[in-house]
Amino acid sequence: MSALIPRLRRIGAMMVGMPDYDAYLAHMRRHHPERTPMDRTRFFRERQEARYGGRNGGKCC
Amino acid sequence: MTRHIPWILIAILGAAALSVVALSRGEAVNALWIVVAAVSSFLVAYRYYALFIGRTVMRLEDGRPTPAIRRADGLDYVATDRVVLFGHHFAAIAGAGPLVGPVLAAQMGYLPGTIWIIAGVVLAGAVQDFMVLFISMRRDGKSLGELIRMEMGQVAGTIALFGAFMIMVIILAVLALIVVKALAESPWGMFTVAATVPLAMLMGAYTRWIRPGRIGEVSLIGLAGLLAAIVYGQSVAQSPYWGPLFTFTPLQLCWILVGYGAVASVLPVWLLLAPRDYLSTFLKIGAIAALAVGIVIMAPPLKMHAVTQFVNGNGPVWSGGLFPFLFITIACGAVSGFHALIASGTTPKLIAREGDAPIIGYGAMLMEAFVAIMALVGASILDPGVYFTMNSPAAVIGTGPASAAAAVTAMGFPIAPEVIAQTARDVGEHTIISRTGGAPTLAVAMAEIFSHVAGGPAMKAFWYHFAILFEALFILTAVDAGTRAGRFMLQDLIGLAVPGFKQTASFLPGLVATVLTVAAWGFFLYQGVTDPLGGVNTLWPVFGISNQMLAAIALMLATAVLFRMKQDRYAWVTVLPAVWLLICTLSAGWLKLFSADPKVGFLAHAARFGTAADRGEILAPAMSMAEMRQIIFNDRVDAALVALFLAVVLSVLFFTIRTCLSARRAAGPTATEIPARLVPAE
C-alpha cells in the first residue's frame, strides 16, 4: 500500500513526460561516476525543454 | 483448457450485449449494454489477438535489449515500469479526436458507430499502434518518417513526411475550429478559457522559480484556479460591463486564435505550454474517469435511434453516406494515423522489455476506443431533437427556437421550441442552436451525466462549462504543441532544398517556418469559420481522410516490414486493415473530388457556384459576389488538398508493393533491425 502513492506520483509525472529524477541519479552514479549529474531543478528544466520544444511531434488529436 | 473458460464467458457476455444493442427495436436500450459489449470485446481481443500478434507475428523476445536498455541515459531512454508507461502513452494519444468523431457520427444512430469503433480498433487501430511501436522499438526508437526511409527508401520517407505535415495542418485547423464553435457568443466559456492563460503563466512562474519541479502541487493550485474561473464565469457573463467584453463572433475568435497560436508557439515552453499541459492532461484523465463512473452509476437509456435515415447520406451534421464516410468521421477511437507519430516518438524509448509492448501499444489504443464509446453514448443519451438542433447548420434550421424546432421536427425528431430554450437556460448559454463541432453536444451530455451523479439540475450549467473548458484546454495545448512540431517538420522539409533552413537554433528560419505553419492552419480555420455550412461539415471529412490515410501509410510500412522479416505468411494482420483503409479513404477522397452532389463533391460545389457567378447570380449563403468567389476558391483549395493526399497515399502504396516484392525475392530477412546480440553500450 505504501508503494501506491509513489507509484501514482510517477504515473502522474510520466503522463506529462517527466521521468524519475532518482532513476536518473542512479543511472549517472552507475555508468558515469566521473560526471556531476544535474541537480533536481536543472533536470526538471532540461526535461521540460526536451518534451515541449517541438521535437517530439506534439500531442495527438 | 480451463484457463480459457473465463475468456469464453467474457466473449459470450460481449456477444449477448452486442446482440441486445443491435437487435432491440422499439424500446430504449440501456447505454450499459454498449459499454459491456465494448469492454468484453476489448478484453478478448487483447487476450487472444494482441498476444497472437506479439508472440507469433512479431516474435517479441523478452531477452532482447530495448532502446531503453541499450541506450539508457536516464533522460530520453529510461526503462520504465509498464503501468507508468501505459499512463504516459495513453495521455499522449488520447485527445479531442475520440470525443468529437463519435458525437458527429451519432447522426446515423448509435449502432453503426458502435460497431465500427469496436471492429475498427480491434482489427485496425490497435494493430497499427502496436506494429509501429514494435518497429520503432527494434530500431532505436526512430520516428515514423525515419522508419519509412529506412525500410522503403528516401523518396517514400520524404513523401510521408510531407503528408504528415499537411495532416498536422488540417488537424490544427479542425481543432481550432471546434474551439471557435464552442466559445463563440459564449462569454462564460470564453472567460474561463481566457483565464487559463494568466493562470498557466502563474503556474509556470511557480515551477520555474518558487518550487521547481513540483508538478503535482502546482497542478492542484491550477485546478483550484480553474474551478474558481468556472464559478466566477457565470457572474462575468451576466455582468452588463464584462459580459459583452467576453462575447466574440466566430470571426473575431478565429483571429484571436491565430494570433494566440503564433505568439504562444514562440514563448518559452515553461511559461505557458508546459503548465497548461499539466492542467489539461490531469483534467482530461480525471474527466474521462469521471465520465466512465458517471455512465455506470446513471445507466442512462439511449434516446437516439439505433439507425437513422441519414445512413443514406443527406444528414445535416455531415454529408455523405455510411460508406465510406462513417469510417472517416470516426477516425480517432477506431483507428488514428496520428498515433503512428506518437508510437514512434517517446514511448519506444521507454519500454523496459519487449513483452510490455502489447499492453502499451495495443492496450492503450483499446482504452482510447473506450473513450470513443463513452462519447458515442454521451451523444446518444440526449434527446435526438436536442442533438440535431445543436449539430445542424444554421443554413438548414435557422437561428431561432421556432424555426429550429420546426426544421428538426420535420426531420423526424420531434422537439418543442420551449425545450430548446430551456436546454440553453439549463446549461447557462444564450442558445444551443447550431452549436456544431461536437464539443458543445458532448458538454451537454456530460452535464446531464455529472449533474445526475453530483449536484442535481442546479449544477448543470457548472458542469457544462467544466466540460467545455476541459475540451478547450487540451485543444489549445494541442494547437500550441502542434504548431511547434509543424515548424520543425517544415524546417526539415524546406531543409531538403535549402540546407541552411534546417538549423533549428537560428532565429530567422524558425520564425519563417512558424509563420508559415500558423498561416497554413489559419487559412483553413478562416475558411471553416466563414463557411456558411458551418465549417465542420467541410473540414471534418478532410481531416478524417487525411488521418486515416496516415494510418494506411503506417500499416503499409508495417506490411513492408513483415515482408522484410520474412513473416509474410502473417502479413494479413496488417494487409487487411490497410486495404480496408485504402478502400475507405480512396473512395471518400474520390467522392470529395468528383461526386456530382454539390454537398459532397468540392468540384461540383465549385461548378455550381461558378455557373451562378457567371450569370451574375448570388447563391445563398453567399451575400456578395466577393463571397461567391471566396467559396469557389475555397472549394478548389480543398479539392487540391484532397488530391494531394490521394497522391501521397498512392505513391506510398507503390513503394510498399515494390518493397514487398523485392523482399520476397530476397533469400533471407532484409529488415534493418538492430541486431539482438548487440550488447548494451555502457
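- With a 4.5 angstrom heavy-atom cutoff, B/Ile215 touches chain A only via side-chain atoms.
- Judged by distance alone, the side chains of B/His88 and B/Thr80 never bring a donor and an acceptor atom under 3.5 Å apart.
- The part of B/Phe282 that comes within reach of chain A is its side chain, from C-beta onward, which places non-hydrogen atoms under 4.5 angstrom from that chain.
- Considering OG1 of B/Thr207 and CZ of A/Arg45, their distance stands at 9.0 Å, rounded to 0.5 Å.
- Remark: B/Phe90 CZ to B/Glu368 CD distance equals 7.0 Å, nearest 0.5 Å.
- For A/Phe44, the part lying near chain B is the side chain, with the backbone staying farther off; criterion is any non-hydrogen pair under 4.5 Å.
- No part of B/Leu99 comes within reach of chain A, as not one of its non-hydrogen atoms sits under 4.5 angstrom from that chain.
- Annotation: side chain of B/Arg211 is not in contact with side chain of B/Val218 (no heavy-atom distance under 4.5 Å).
- Neither the backbone nor the side chain of B/Asp480 comes within contact range of chain A; no heavy atoms are under 4.5 Å apart.
- Contact of A/Phe43 with chain B is made through the side chain alone, with heavy-atom distances under 4.5 Å.
- Note on A/Met18, A/Arg9, A/Arg10, A/Arg47: by heavy-atom pairs under 4.5 Å with chain B, the leading option is A/Arg47.
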After noting the C-alpha distance and the side-chain angles of A/Asp22 and A/Arg40, does the key distance pass the salt bridge (charged side-chain N to carboxylate O under 4.0 Å, His left out) rule?
CA-CA 9 Å; A/Asp22 295 329; A/Arg40 212 173 265 276; 3.6 Å; yes
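- With a threshold of 4.5 angstrom between heavy atoms, B/Ile285 approaches chain A through side-chain atoms but not through N, CA, C or O.
- A salt bridge is absent between B/Asp76 and B/Arg71: the closest approach of a Lys/Arg side-chain nitrogen to an acidic carboxylate oxygen does not fall below 4.0 angstrom.
- Contact count against chain A (heavy-atom pairs under 4.5 Å) is highest for B/Gly213 among B/Pro212, B/Gly213, B/Ala164.
- Between chain A and the options B/Ile475, B/Asp81, B/Asp73, the largest number of non-hydrogen pairs under 4.5 Å is found for B/Asp73.
- At distances below 3.5 Å, not a single donor-acceptor pair connects side-chain atoms of A/Glu49 with backbone N or O atoms of A/Glu46.
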